[in-house]
Amino acid sequence: MKLGALGSGCCPMASHVYTYDNKLETLEGLSACGYLTHLYVQNNLLRSVEEICTLRRLQKLYVSNNHLSSLEAIGALGSSLVALAPLVV
């Protein structure tokens, strides 16, 4: 399952996205949400969160209970974020 309309850019001003418990397999297109500060994607089927690398305003990220093979994308955000807390993996 994909994000659908949200990922296609229909909500570019969204600041909070709650998509937990939805069997999502990808966050494809999420980069269109440049104002996103809170992302709740726990309890899905995600294998990667690389799509979050462009979310420079992200402050809260919940990704627990997915099928992630690596957290490199989160580490890649590094100092480019204003503040990322808490991180729930």
Among Asp21, Val17, Asn22, Leu27, find the residue that satisfies the side-chain contact (heavy atoms from CB on, under 4.5 Å) test when tested with Val41.
->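 So, applying the side-chain contact (heavy atoms from CB on, under 4.5 Å) to Val41 and each of Asp21, Val17, Asn22, Leu27, only Leu27 qualifies.
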When rounded to the nearest 0.5 angstrom, what distance separates CG in Leu45 from CG in Asn65?
->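 Interatomic distance, Leu45 CG to Asn65 CG, rounded to 0.5 Å: 11.0 Å.
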Which distance, rounded to the nearest 0.5 Å, do you find between the OG of Ser64 and the CD of Gln42?
->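 Reported to 0.5 Å precision, the distance equals 5.0 Å.
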Minimum-distance pair of heavy atoms, taken over all atoms of Ser48 and Leu68 |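 Nearest pair, atom of Ser48 first, then Leu68: N-CD2, 3.6 Å.
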Just wondering, more than 12 heavy atoms not from Glu50 lying within 6.0 Å of its CD?
->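 No, the 6.0 Å shell around CD holds no more than 12 heavy atoms from other groups.
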More than 12 non-hydrogen atoms from neighbouring residues, nucleotides or ligands closer than 6.0 Å to OH on Tyr35, yes or no?
->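 No, because the 6.0 Å sphere around OH of Tyr35 holds 12 heavy atoms or fewer from other groups.
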Does the Ser15 side chain pair with the main chain of Thr37, one donor and one acceptor, at a distance under 3.5 Å?
->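 Pair absent, no side-chain N/O of Ser15 close to backbone of Thr37.
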Between Asn66 (side chain) and Asn44 (backbone), is there a donor-acceptor pair under 3.5 Å?
->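 Here the side-chain-to-backbone pair exists.
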Please list, chain by chain and in numerical order, all residues satisfying side-chain contact (heavy atoms from CB on, under 4.5 Å) with His38, sequence neighbours excluded.
->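 For His38, the residues satisfying side-chain contact (heavy atoms from CB on, under 4.5 Å) (neighbours in sequence not counted) are His16, Tyr40, Gln59, Lys60.
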Check: Leu30 and Leu39 side chains under 4.5 Å, non-hydrogen atoms =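 SC-SC contact between Leu39 and Leu30 confirmed.
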